[in-house]
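The first residue of the sequence shown is numbered 1, and numbering continues consecutively from there.
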Amino acid sequence: MKSYSYFCNTRIEMGLGKAEQLPMMLNALQVGRSVLLVSDPGIVKAGLVTPIKTTLEESGYRVVLFDSVSQNPRDTECLAGAKIFQEQGIEMVVAIGGGSAMDTGKAIALLGPNGGTPVEYVEGKREYANIAPIICVPTTAGTGSEVTRSSVITESATHRKLTLKDASLRPMMAVLDPRLTFTVPQSVTAATGVDALVHAIEGYTCKVTNPISQAFGARAMTKIVSSLPAAFKDGENQQARYDMLEGSLLAGLCFGSTDVAAVHCLAEALGGLYDTPHGVANAVFLPYVLKFNAEEEKGIHADLARYMKFANESDSDESAVEKLLTGIREFTTKLEIPKLKDLPGIRKEDFSRIVELAVQNNSTPSNIRTIGAGDYRKILKQAYEDIF
């Protein structure tokens, strides 16, 4: 019999208009009056940060904005934010944005009170302790970082993706307001939506999964596949945006206590080398990794096909797997996900480095099917040449 544990201490507030209630929620938490608002230039430009900042200030909070966050956040940015945290006497971090802003916010909440660099925590040279309260307000339906224990940061000097991971990094509160996702561009809606789907798939299938995570993952898959096309077509479709944000949340609750796997290992290598948006990189590799895994693990992948309604309950496992692979390809094509060879900067000469980074990723051992350098190289070649 399998032993497992599941833990999530994040208070979740979900609903239209919830972001407007943030000051009241912070008052209830009683964690201080000084806030470091962490976001990125795109979110600020979209007009999503100023209303929240103003509302907090009108409620008596002292707010400092830090928006120097890249789409693949760097350790140098986290250190800059931590310096402001220390100099300004900050008590809590409120992160507004996608995964980049939320992951940076988590890192700042760790580094600000404790010092050090991200790699020192990853390598076990420093302990995760004394972390400042973290409140996350997602503006995309994709990352799930608002309920996870992880923060993925790029080491500038090596282009490696570093994963800070500890239960204490889970946000104290997640505030999910679908209205904040209405202005997300179509391409970002597609890429982040598929990213959420990958979270559900890998959290459900990985070697360290558990029944609780699988329950969240199954529901997330059903919700995401049914609602993403509508959100992609009409960004102001309230029901579709609500369902996508909830699906992303459920996917975060799925993988947040298990792990991701090979899709993410390749995607993070790409993001580290080329600054490829994380959602795009995940979406590019998903069909090919699914095909690789399903060759040896038909039963569980047949279940995925049924959750996503690509197959019927009456279909055999073999037929369901075929429908899964066909369905995922058609799904990503309709969402206009680009091909690997069409992404900026991608060079076949870099394949060895991509493979090296993927193999080194801590989530490689979690992939449901044992995967090595040769397998990663084969998947890369298939994705680049569009061989399926």
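- A salt bridge links D243 with K223: at least one charged nitrogen is closer than 4.0 Å to a carboxylate oxygen.
- For S100 (side chain) and Q71 (main-chain N/O), a donor-acceptor pair under 3.5 Å exists by modelled atom type.
- Taken to the nearest 0.5 Å, the CD atom of Q86 stands 9.5 Å off from the CG atom of N114.
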**Request:** In sequence, state the C-alpha distance, the side-chain angles, and the governing distance for D40 and K45, and then conclude on salt bridge (charged side-chain N to carboxylate O under 4.0 Å, His left out).
**Result:** CA-CA 9 Å; D40 67 65; K45 186 177 179 181; over 6 Å; no
**Request:** Determine, stepwise, if the pair T10 / R170 fulfils side chain to side chain contact (heavy atoms under 4.5 Å, CB included).
**Result:** CA-CA 7 Å; T10 304; R170 278 197 173 87; 3.9 Å; yes
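- Checking S34 against E91 by side-chain atom types alone, a donor-acceptor pair falls below 3.5 Å.
- Side-chain contact annotation: K106 with T148, donor-acceptor N/O pair under 3.5 Å present.
- Nearest heavy atoms, A358 versus L266: CB-CD2, 4.1 Å.
- In the model, D75 has a side-chain atom that pairs as donor or acceptor with a side-chain atom of S156 under 3.5 Å.
- Pairing each heavy atom of G203 with each of T209, the nearest pair is O-OG1, 2.8 Å.
- In this structure the side chain of K161 reaches within 4.5 angstrom of the side chain of N72, judged on heavy atoms.
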**Prompt:** Which is it for V64 and V35 under the side chain to side chain contact (heavy atoms under 4.5 Å, CB included) test, yes or no, and what are the steps along the way?
**Reply:** CA-CA 6 Å; V64 178; V35 177; over 6 Å; no
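- The shortest non-hydrogen separation linking T276 to L270 is OG1-O, 3.7 Å.
- Of the residues E202, E295, E297, the one that meets the salt bridge (charged side-chain N to carboxylate O under 4.0 Å, His left out) test with R369 is E295.
- Here the side chain of R126 pairs no donor or acceptor atom with the backbone of P118 at under 3.5 angstrom.
- In summary, the aromatic rings of Y204 and F255 are positioned with their centroids too far apart to meet the 6.0 Å limit.
- Sequence neighbours left out, the pairs with a member in residues 377-388 that pass side chain to side chain donor-acceptor pair (under 3.5 Å) are Y288-D386, R329-D386, S352-R377, K381-E385.
- Q186 places a side-chain N or O within 3.5 Å of a backbone atom of F232 that can act as its donor or acceptor partner.
- The closest side-chain donor-acceptor pair between N27 and Y61 falls under 3.5 angstrom.
- Panel note: side chain R74, backbone L79; no donor-acceptor pair is recorded below 3.5 Å.
- Counting only N and O atoms by type, the side chains of D103 and S145 include a donor and acceptor under 3.5 Å apart.
- No side-chain donor-acceptor contact under 3.5 Å links S314 and N312.
- Inter-residue side-chain proximity for N293 and T205 is flagged as unmet; no heavy-atom pair is nearer than 4.5 Å.
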**Request:** Apply side chain to side chain contact (heavy atoms under 4.5 Å, CB included) to I52 and L48, showing your working.
**Result:** CA-CA 7 Å; I52 293 175; L48 300 178; over 6 Å; no
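- Side chains of Q214 and N210: no donor on one and acceptor on the other come within 3.5 Å.
- One finds a salt bridge joining E13 and R11 here, because a Lys/Arg side-chain nitrogen approaches an Asp/Glu carboxylate oxygen to under 4.0 Å.
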**Request:** For D342 and K339, run salt bridge (charged side-chain N to carboxylate O under 4.0 Å, His left out): C-alpha distance rounded to whole Å, both residues' side-chain angles, the deciding distance at 0.1 Å, then the answer.
**Result:** CA-CA 5 Å; D342 296 328; K339 303 297 183 185; over 6 Å; no
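- Within the 3.5 Å criterion, the main-chain N or O of Q360 finds no donor-acceptor partner in the side chain of T364.
- Here the side chains of V69 and T104 are in contact, with some heavy-atom distance below 4.5 Å.
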**Message:** Applying side chain to side chain contact (heavy atoms under 4.5 Å, CB included) to T181 and T140, what does each step give before you reach the verdict?
**Reply:** CA-CA 5 Å; T181 69; T140 62; 5.7 Å; no
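- Looking at N367, its side chain never comes within 3.5 Å of a backbone N or O of T370 through a donor-acceptor pair.
- Defined by atom type and a distance below 3.5 Å, a donor-acceptor pair is missing between the side-chain atoms of S59 and R33.
- The distance from the CZ atom of F331 to the CG atom of L286 is 9.5 Å, given to the nearest 0.5 Å.
- A donor-acceptor contact shorter than 3.5 Å links the side chain of E77 to the backbone of S70.
- The minimum heavy-atom distance between V49 and L65, with the atom names listed, is CG1-CD1, 4.0 Å.
- Between the S316 side chain and the S319 main chain, a donor and an acceptor come within less than 3.5 Å of each other.
- With T158 contributing its side chain and R160 its backbone, the two residues share a donor-acceptor pair below 3.5 Å.
- The residues D259 and K165 are annotated as salt-bridged, a charged nitrogen and a carboxylate oxygen being separated by less than 4.0 angstrom.
- D177 and R241 are not joined by a salt bridge, as no carboxylate oxygen comes within less than 4.0 angstrom of a charged side-chain nitrogen.
- The backbone N or O of S248 sits nowhere less than 3.5 Å from a side-chain atom of H199 that would complete a donor-acceptor pair.
- Under the 3.5 Å distance criterion, with hydrogens and angles disregarded, no donor-acceptor pair is assigned to the side chains of T55 and E58.
- Salt-bridge annotation for D350 and R347: present, with a side-chain N of the basic residue lying under 4.0 Å from a carboxylate O of the acidic one.
- Under the 3.5 Å distance criterion, with hydrogens and angles disregarded, no donor-acceptor pair is assigned to the side chains of Y6 and T258.
- Annotation: K309, atom NZ; neighbour count of heavy atoms from other residues, nucleotides and ligands within 6.0 Å does not exceed 12.
- Note on E318 versus K298: no salt bridge recorded, every NZ/NE/NH1/NH2 to OD/OE distance being 4.0 Å or above.
- A salt bridge links K53 to E57: one of the charged nitrogens lies within less than 4.0 Å of a carboxylate oxygen.
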